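Encoded as C-alpha cells, the structure appears first; notes follow it.
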Amino acid sequence: MSLTRTTLCCALVLGAAAWAGAGRAEALELQVISAGAMRSIVTELAAAFEKETGHTVKLTFGTVGVIKAKLAEATPVDVVIMSDEAMKDMTRQGAVVEGSWTAIGRTGIGVAVREGAPKPDIGSPEALKQTLLSTKSLVYVDPAQGGTSGIHFAGVLQKLGIADAVKSKTTLVPGGYPAELVARGDVEVTVGSASRPTSGAFVAFLARPDFKPKLAAAGLDYKE
C-alpha cells in the first residue's frame, strides 16, 4: 500500500532554448538536475540518450528543496525533473519554461523493510500507526531538506498523532536513498519514494512511449 502518489515531470529551464536546434554535428553537454527518486532510471536513459544523439548529459540529483534552491539561485541547468507541485511553483517564479512540462511518471511513497523480513501491515491508518510504533528504528528523508517524501511523511506522523512517540528511534537523512540503511541492516523500516530511485530533445526522449516499461520497472507509472 502506498501512502500517496506524486507525479514527476520533466521540463525546460529558462535559458535552455539554445538546445532546441542542436544536432548531432554540434555535440553539447546537457545539464540535468533531477529528484533523487529518479536516479536509477534517469542515469540509464541518459546513457541511452548520449549513445543515440552524440550529446553528453551531466546529471545532478537532490531533494526537491535542493533543486528549487538551485533554480532560484540561477544555477546553470537545461532540464529539471521534479514533482508537479514543485514545477508549478518554479514556473510561477519564472525559473521554468511555461508549457514545457512533460509528465513522465508517478512515484508512490511507501513503507519498506529489509528483504526477507516480514512485510509490515499498513493496510489501514490504524495498522500503519501500530507498525510505526512497534518498529525498533525508522528512517526517512529529512523534511527540512525539502524532500517530497519526507515532508509528506512528517505530515502523516502528525496526523497519526505519533510524531513525538517515534522521534527518538528515527533517523533523518538529507536525501538520497534512506532505504540503503535498511538494506544494510542499520535500520528496520524506511518510508520514502517507492521508485527503485537535449533540452527539448531530452524531455521528449524521456517521455517516449517505448520507455514506459522501463519506467514501470523502476516503480513509476503514468496514465493519460
Side-chain angles (χ1 to χ4, degrees), residues 1-9 34-42 61-65 81-88 103-197 211-224:
M1 170 186 174
S2 287
L3 301 178
T4 189
R5 300 199 73 79
T6 299
T7 300
L8 291 170
C9 299
S34 170
M38 292 287 288
R39 180 187 294 269
S40 177
I41 187 64
V42 169
F61 297 94
T63 64
V64 168
I81 303 170
M82 58 184 175
S83 66
D84 55 348
E85 288 303 316
M87 206 73 81
K88 292 175 185 176
I104 55 176
R106 292 188 303 161
T107 181
I109 297 174
V111 178
V113 294
R114 193 176 188 186
E115 186 174 0
K119 291 184 178 180
D121 182 1
I122 57 172
S124 68
E126 184 59 31
L128 173 62
K129 178 178 179 178
Q130 293 306 316
T131 290
L132 296 173
L133 287 172
S134 63
T135 188
K136 295 178 181 178
S137 53
L138 174 68
V139 62
Y140 63 98
V141 174
D142 188 350
Q145 299 297 315
T148 301
S149 63
I151 293 171
H152 177 77
F153 185 57
V156 170
L157 292 175
Q158 291 291 341
K159 289 179 180 179
L160 293 175
I162 60 173
D164 291 336
V166 302
K167 188 174 181 178
S168 63
K169 60 183 179 182
T170 297
T171 298
L172 299 177
V173 296
Y177 292 96
E180 291 178 350
L181 277 69
V182 173
R184 295 199 305 260
D186 298 339
V187 181
E188 192 172 44
V189 172
T190 183
V191 177
S193 171
S195 60
R196 290 179 254 201
F211 287 150
K212 287 186 178 181
K214 286 183 177 292
L215 293 168
L220 295 104
D221 65 80
Y222 178 65
K223 295 180 180 179
E224 300 290 345

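Since the structure is predicted, the reported quantities are computational estimates derived from the model, not experimental observations.
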Interatomic spacing from NE2 in H152 to CG in L157 - rounded to 0.5 Å: 10.0 Å
Quick one: ring pair (Phe, Tyr, Trp, His ring centres under 6.0 Å) pairs with a partner in residues 113-144, sequence neighbours left out? Y140-F153
Counterpart residues, side chain to side chain donor-acceptor pair (under 3.5 Å), relative to K169 (two or more places apart): none
By side chain to side chain donor-acceptor pair (under 3.5 Å), which residues pair with E126, not counting sequence neighbours? Q130
For a side-chain contact (heavy atoms from CB on, under 4.5 Å) check, start with the C-alpha distance between L128 and V156, then their side-chain angles and the critical distance, and finish with the verdict. CA-CA 10 Å; L128 173 62; V156 170; 4.1 Å; yes
Of all heavy-atom pairs linking V111 and V189, the shortest is CG1-CG1, 3.6 Å
May I ask you to test the L172-P143 pair for a side-chain heavy-atom distance under 4.5 Å? yes
Closest contact, heavy atoms only, P118 versus V113: O-CG2, 3.7 Å
When you compare the side chain of D142 with that of P174, does any pair of heavy atoms fall below 4.5 Å? no
Taken to the nearest 0.5 Å, the spacing of I81 CD1 from M87 CE works out to 8.0 Å
Result block: side-chain N/O donor-acceptor pairs under 3.5 angstrom for residues 158-167, not counting sequence neighbours:
none

Identify the two heavy atoms, one from M82 and one from A35, that lie closest to each other, and give their separation to 0.1 Å. CA-CB, 4.3 Å
Quick one: does T63's side chain have a donor or acceptor within less than 3.5 Å of a partner on Q145's backbone? yes
Roughly how far apart are L138 CG and T171 OG1, rounded to 0.5 Å? 8.0 Å
Set of residues satisfying side chain to side chain donor-acceptor pair (under 3.5 Å) with respect to E180, sequence neighbours excluded: none
Which residues satisfy the side chain to side chain donor-acceptor pair (under 3.5 Å) test with T135, sequence neighbours excluded? E188
